[in-house]
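As the structure is a computational prediction, the values presented were derived from the model and not from experiment.
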Amino acid sequence: MQGDTEQKAWLKEASQSVKRNAFYLRKAMDEDNLREALRYSAALLGELRTSLLSPQKYYELYMQASDELQNLQMFFAEEHSKGRSYVDLYELVQHAGNVLPRLYLLCTVGAVYIKSREAPAKDILKDLVELCKGVQHPTRGLFLRAYLCQVSRGLLPDTGSVYEGPEGGNVVDAIEFLLVNFTEMNKLWVRMQHQGSARDREKREKERQQLADLVGKNLTYLSQLDGLDLPLYRDVVLPRVLEQVVQCKDDIAQQYLMQCLIMGFPDEFHLATLDQLLGALPQLQPGVKVHAVMGSLMERLARHASSNTSVIQEMSSVDAFGRMSASALKVVEQHPDMAAADVAAMYGAMLAFAGAVYPDSLEYVDKVLQTCHDALRSRGPIRESKAEKQVVGLLSTPLERYDVVTVLGLEHYPAVLGLLRPDMQREMAVKIVQTMLKTGVRVSTVGQVEMLFSFIAPLVEEVEGLELELDDESEATGNIVCKIMAAPPPENGSGGPSRETDAAYPTWLWAGYSRRPCTPPHEHGPHDLAEEQALMGRLVHNLCVADSDRQFEILEAAQRRFLRGGPKRMRYTLPPLCFCALQTVRSVAAAALGGEKLQVSSERWYQFLHGTITALANVPAAEMALQLFLTAAHSASEEAGLELTAYEFFEQAFVLYEESIPDSKQEIRALQSIMGTLHRCHVFSSDNREALAHKAGTYCAKLLKRTDQCLAVLSCSHLYWQTDVEGKTVVRDGASVLACLKRALKIANAAQQQLAVAAKPAGDAGPAFLFVEILNHYLYYFDQGCELVTVAVLQSLLELVASEVSREALREIESLQAFYKNSLKHISAQKGKGGDMGAKYEGLQIEAQQ
């Protein structure tokens, strides 16, 4: 074969010759000169005798020549109308000097000869298909027979055709013609593989694949015969085609022809001849992608079954699945070197077939998994990436079609999963969790929990051979609450909290949830621990059942597994476990208050929470654990009415604050959360409440910055003055409130003096803001009816604040001035209300301050 440049030169030269001879051919036909027309047509077709062109270039030359032969057909028809018989023409063209042009001319004359019906179609077709054996060069012979197939289309003695008859033949003759032509073309096509040197093998294979459609035309025309029925297909066509496919022993030919056979003929034929089709598969060459062939067959049959329910009964009656399974097993046994990826792909196709045809029969799924496991295990450990992906796809198929928990309970599912390397088992575990979250399936028994966690063990605990990748800790921890709470609450009410229905949950959670939106998942690898554990956190909300006693057992089982996961995982998995327990304990507490006796009491639920949060604190994840202790304390106080339990949770929160909160900003957040939660708790006796409030006040004084101290003490004042709650006894200790306010004012004065000592700019508005904030707290308690906050006290404070904010250095600070003016507007608004409230404010003089 010549180089590409030489190929183009040869094609150009041959094309020019074809065009030149075509010109003289048309001229001879116009002059009604038959002899010259045959001479120039033979010269034109002689260019097809070349062996220098590649199949692609040869095809271009062939198309030019065949276009001219169409004109020659019409010329022959005109010659017949002028009195020349087709017999003479048929004999005359055989005088052409070279065999290839002679056979092209014979095919051309033969086509018009059949159309005239002056001779039986079957005789002419048989004569032509036998004469074409005279060209045995693979490329030239293929295109010659392709031309014969093309010109004879529509001229076959098919059932109902005008060419059918006692002498013209019938559909059997048409089938015979196409089968003989197919057989010879396939032999020529396969022979191309053995020409040339070994180094050009890949190039020849590519060229052969380009010519595949020429061979497949015969099967296409066979499938389109009107007279082809099931008996003819079963007894004549299929055996002949399969015989040729098996005997050619060529990977490319077998692959293509089996696909043609499956895609070309009706589904009903395949179902009726399933044994013959499947029997040929083990006889194919090892290089043939049998899994693709079986996949095509099963896909067609599955579509056929879905379009007609009666087909499913027919498939069951002939045991289609059993036959396919046996054939796959035989293929695997006879091809021990078959790639693991191909084995998995073949069984994947069978699994899809079983799911489509037998959607309610999980035993077929388990049978596929069993045979797949046996076939793959004999090939040793799976190492190839392609094979692993096929196995993952195989295991994922039933998860998408059936209930996840039911699929995981199949006998042979874990065996196939065990064939994967640990990192791929982790990827499969992620798929299982994602599918459960997508479908919303619930895990309702302890046994199911244990089974599920055994499958997703790479996500739950340390597994040998796996390395963990962790995001930046602060960023991952900051996002995890948002990711976990993205899971929608289950219908039975045992999911995560919501702002509308769960006022019991502290403000820190909602503040973080609203101000700091969830960041989208990073484009990390599949082993990103933070993303995986976020999925596990969401999965916890699927471990739910309506019965609280069974729910306790389920969460206990989950807790045992989570505690084995190590600190890196526990910071993600234990918080959602606590939220699920808090959601359930609400209904348990309500039932207990209603007199209902439950096996697992509220106290045991809070013991479970205490142990879980303590484990989280030891991770360490002190800030998260502190917030959970406070949430549990509020639940024990307001939902269960358990004073000692609530006190214990507060005590643990204080211990964490003292020992494990080192950062000043975290201290402020934690202290605000403690005071905010305690403010909303009403269960405590005066002594216990006083102890907790005093402890909180002590911590306020220990904050480093004066500004933080002042604001914390102002917040602490709310511990002694609770807002009204229906059905609750509230604390109203005016003396303690006033003591806190005076203490805050003292700290603000100290902050102002410290500012002067530090020689900071006179325009620093920090202390001034504190004075306005203190004024607002005095006004709040005055509105609330605190008797110790009098008009005289407020008037004195107003004058102090006015003198502070009116300093020349602070007049240009817009935020401070706006804060102060809004406070004065509030006083004016209260005075303008009239009634008791207006009377209270009547004695305040604010004109001088405005």
Side-chain angles (χ1 to χ4, degrees), residues 503-509 578 582 585 589 602-603 606-607 609-610 613-614 617 622-661 666-703 708-725 727-744 747 777 780-781 784 786:
Y505 291 96
T507 55
W508 68 268
L509 179 58
C578 293
L582 285 166
V585 78
S602 299
E603 288 81 357
Y606 287 115
Q607 289 173 6
L609 279 166
H610 192 287
I613 301 172
T614 302
E623 191 172 12
M624 175 70 77
L626 184 144
Q627 304 291 359
L628 288 170
F629 271 129
L630 295 176
T631 307
H634 184 275
S635 173
S637 168
E638 302 307 294
E639 294 171 357
L642 300 175
E643 180 181 5
L644 294 179
T645 302
Y647 192 92
E648 167 64 19
F649 282 126
F650 268 109
E651 184 178 297
Q652 293 301 318
F654 280 123
V655 170
L656 279 177
Y657 178 84
E658 290 179 348
E659 299 178 353
S660 304
I661 306 292
Q666 291 181 354
E667 281 183 341
I668 296 170
R669 288 199 301 267
L671 192 55
Q672 292 287 356
S673 296
I674 290 172
M675 291 188 293
T677 305
L678 182 56
H679 171 72
R680 292 181 292 113
C681 290
H682 302 82
V683 75
F684 294 113
S685 63
S686 58
D687 292 341
N688 285 338
R689 185 175 188 83
E690 176 62 28
L692 294 173
H694 177 73
K695 194 67 174 176
T698 303
Y699 289 137
C700 293
K702 292 182 179 180
L703 294 175
D708 295 334
Q709 287 181 20
C710 181
L711 294 175
V713 170
L714 289 174
S715 297
C716 187
S717 68
H718 292 277
L719 298 180
Y720 302 101
W721 195 277
Q722 292 179 305
T723 54
D724 291 324
V725 177
K728 300 287 186 180
T729 302
V730 297
V731 174
R732 297 289 173 89
D733 185 355
S736 297
V737 168
L738 189 60
C740 287
L741 296 178
K742 289 180 177 179
R743 186 179 174 190
I747 296 172
H777 272 73
Y780 169 76
Y781 289 115
Q784 290 291 316
C786 181

**Prompt:** Going by the angle between their ring planes, with limits at 30° and 60°, are H718 and Y781 parallel, tilted or perpendicular?
**Reply:** tilted
**Message:** Return the CG to CZ distance between L719 and R680, rounded to the nearest 0.5 Å.
**Reply:** 12.0 Å
**Request:** Identify, with sequence neighbours excluded, every residue that meets ring pair (Phe, Tyr, Trp, His ring centres under 6.0 Å) alongside Y699.
**Result:** F654, Y657
**Asked** What pairs with H610 under ring pair (Phe, Tyr, Trp, His ring centres under 6.0 Å), at least two apart in sequence or on another chain?
**Response** F629, F649
**Request:** Among T614, L626, I613, find the one that has a side-chain contact (heavy atoms from CB on, under 4.5 Å) with L656.
**Result:** L626
Atom of [X], atom of [Y] and distance for their closest heavy-atom approach:
{"X": "C700", "Y": "V713", "value": "CB-CG2, 4.0 Å"}
{"X": "C710", "Y": "A744", "value": "SG-O, 3.5 Å"}
{"X": "L630", "Y": "A653", "value": "CD2-CB, 3.8 Å"}
{"X": "L741", "Y": "H777", "value": "CD2-CB, 3.8 Å"}

Listed partners of [X] passing side chain to side chain contact (heavy atoms under 4.5 Å, CB included), at least two apart:
{"X": "V725", "answer": "H682, K728"}
{"X": "R689", "answer": "L678, F684, Q722, V731"}
{"X": "E690", "answer": "H694, Y720"}
{"X": "T723", "answer": "H679, Y780"}

Quick check against the 3.5 Å criterion: does [X] have a side-chain atom that pairs as donor or acceptor with the backbone of [Y]?
{"X": "S717", "Y": "L714", "value": "yes"}
{"X": "Y606", "Y": "S635", "value": "yes"}
{"X": "S637", "Y": "A633", "value": "no"}

Contacts of type salt bridge (Lys or Arg N to Asp or Glu O under 4.0 Å), residue [X], not counting sequence neighbours:
{"X": "E658", "value": "K695"}
{"X": "D724", "value": "R732"}
{"X": "E623", "value": "R669"}
{"X": "K702", "value": "none"}

**Item:** D708: side-chain hydrogen bond (donor to acceptor under 3.5 Å, both in side chains) partners, not counting sequence neighbours
**Value:** none
**salt bridge (charged side-chain N to carboxylate O under 4.0 Å, His left out): pairs with one or both residues in residues 641-652, sequence neighbours excluded** = none
